[in-house]
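Heads up, the thing below is written out as structure tokens.
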Amino acid sequence: MYLTKEEEKILDGEYGEIKEKMFRILVVIGDIYGADRMIPVSSCQISGVSYKSIGEYGLEFLESISEKGARVVVPSYLNPAGVDLKLWKQLGYPENFARKQMRIVRAFRKMGIYPTLTCTPYLIGNIPRFGEHLAWAESSAVSFANSVIGARTNREGAISALASSICGVTPNYGLHLEENRKPDVIVNINTELNEISDFGLLGYYLGRVLKNRIPYLRGIKFATTDHLKALGAAMAATGSIALYHVEDLTPEARNFKLENLEKFSVDEEELKEEKERFSGEDLDAVMIGCPHASLNEIKEISALVKGKKLRKPLWIFTSRFVKKLSVDTGLSRIIEKAGGKIISDTCMVVSPIEEMGFKVVGVNSGKAANYLPNLCGCRVVFGSLKELIEMII
Ligand code: F3S
């Protein structure tokens, strides 16, 4: 890979041990994937924040590099942590876990990383422009940035995103290159999609079937930001799809020739079968906000619970920013009056919910449906917001 004189100096240790090590990681990745050079990135989204995911070793590593002077050089944002930093006691999170989590967030802050603690940076003002190069690690945000915005990022790991935030560059390969962004399968969708859960279910199914291919989706007549965030998150979870195109909807959809592409179709029956795998009614809780809920989702929930009393916990995960808006608009008061809670900084997957007694959880997210059984040992009941709320009223 071609390196500039300045980059050679980094490798020679002229800018300190941490920067050298981090840059070396990027060079190794670039060599493995055949990158020709490094390119500047305009922002980084850093995963591996929850103590549940990174454990003692990760905590020690982050504290050690922050002490040794690691500092970011581009705007960098944090994925959700393992607890709500303000409400952890009230919600019953284990104290030892919460204290370790706070040390992790402190270490990241010391490096200059914004403690946004959300997987939806694009809902709180960090909206890249079309064509901008990024180093984002959160798979649902990667999918959104690539597909809905037309920005360019590979699906980074926790360490490679951190390395990019400290060095300001990423190796030029994969989805940074135009030729790797073309669709390789056409998916005809022969069923109506209305709810966020419909898009989540479709994503769950497509990820399982298509693995890491780039689909060109036809037949989606209308989709909101919330629909697309649910679709992409689920495809990235059950498969490793980091980019998709939707005919007449996403910005790069018309850039590519579609001749000779394999075709594949999805109809109502397939999605119905997929949903039936997650049926049942005996819930311990309903958990919404994977990816983190938007204000519109919170509004929809508040309309469903207004004036009602919930029999089981309803936890809605979102960013601090959106939570504040929900307080200012009075939506959170309606939800709390019904017995629900709006929780920020964390989510159902990276929180230690298995230690908190939750065994069967209702979700409307394809990504959560994939991860809760694997990472939290929970059984999942899948439904639309309305169906789930009805189960706990
Ligand atoms: Fe976000 Fe947690 Fe889901 S990080 S995408 S809410 S698993």
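None of the values given here were measured: they were computed from a predicted structure. Every number for a ligand or one of its atoms is a count from 1 in the order of the listing.
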Per-atom contacts, ligand 1 versus Gly289 - under 4.0 Å to a heavy atom:
6 (S)
Quick one: which ligand 1 atoms are inside 4.0 Å of a heavy atom on Val349?
7 (S)
Using a strict 4.0 Å cut-off to heavy atoms of Ser140, name the atoms of ligand 1 that fall inside it.
5 (S)
2.8 Å cut-off met by an N, O or S atom of Cys119 to atom 1 (Fe) of ligand 1
yes
Could you tell me if the ring centre of Phe278 sits under 6.0 Å from that of Tyr204?
yes
Could you tell me, atom by atom, which parts of ligand 1 come under 4.0 Å of a heavy atom of Cys347?
2 (Fe), 4 (S), 6 (S), 7 (S)
Can the ring centroids of Phe358 and Trp315 be said to lie less than 6.0 angstrom from one another?
yes
One thing to verify: whether Lys52 and Glu354 come together as a salt bridge, which I'm taking to mean a side-chain N less than 4.0 angstrom from a carboxylate O.
yes
If you scan protein heavy atoms around atom 5 (S) of ligand 1, the nearest is Lys367 NZ, 3.4 Å
Answer with side chain, backbone, both or neither: which part of Met348 has a heavy atom less than 4.0 angstrom from an atom of ligand 1?
neither
Quick note on ligand 1: atoms under 4.0 Å from a heavy atom of Cys290 include exactly 3 (Fe), 5 (S), 6 (S), 7 (S)
Is Ala141 close enough to touch ligand 1? Criterion: a residue heavy atom under 4.0 Å from a ligand atom.
no
Considering the options Lys68, Arg106, Arg103, Lys110, which one meets the side-chain hydrogen bond (donor to acceptor under 3.5 Å, both in side chains) requirement together with Glu63?
Arg103
Quick one: do the Ser384 and Asn364 side chains pair a donor with an acceptor below 3.5 Å?
no
Touching ligand 1 at all, Pro80? Heavy atoms, strictly under 4.0 Å?
yes
With no hydrogens and no angle check, just 3.5 Å: does a side-chain donor-acceptor pair link Glu6 and Thr4?
no
His227 vs Phe222 aromatic rings, parallel, tilted or perpendicular, using cut-offs 30° and 60°?
perpendicular
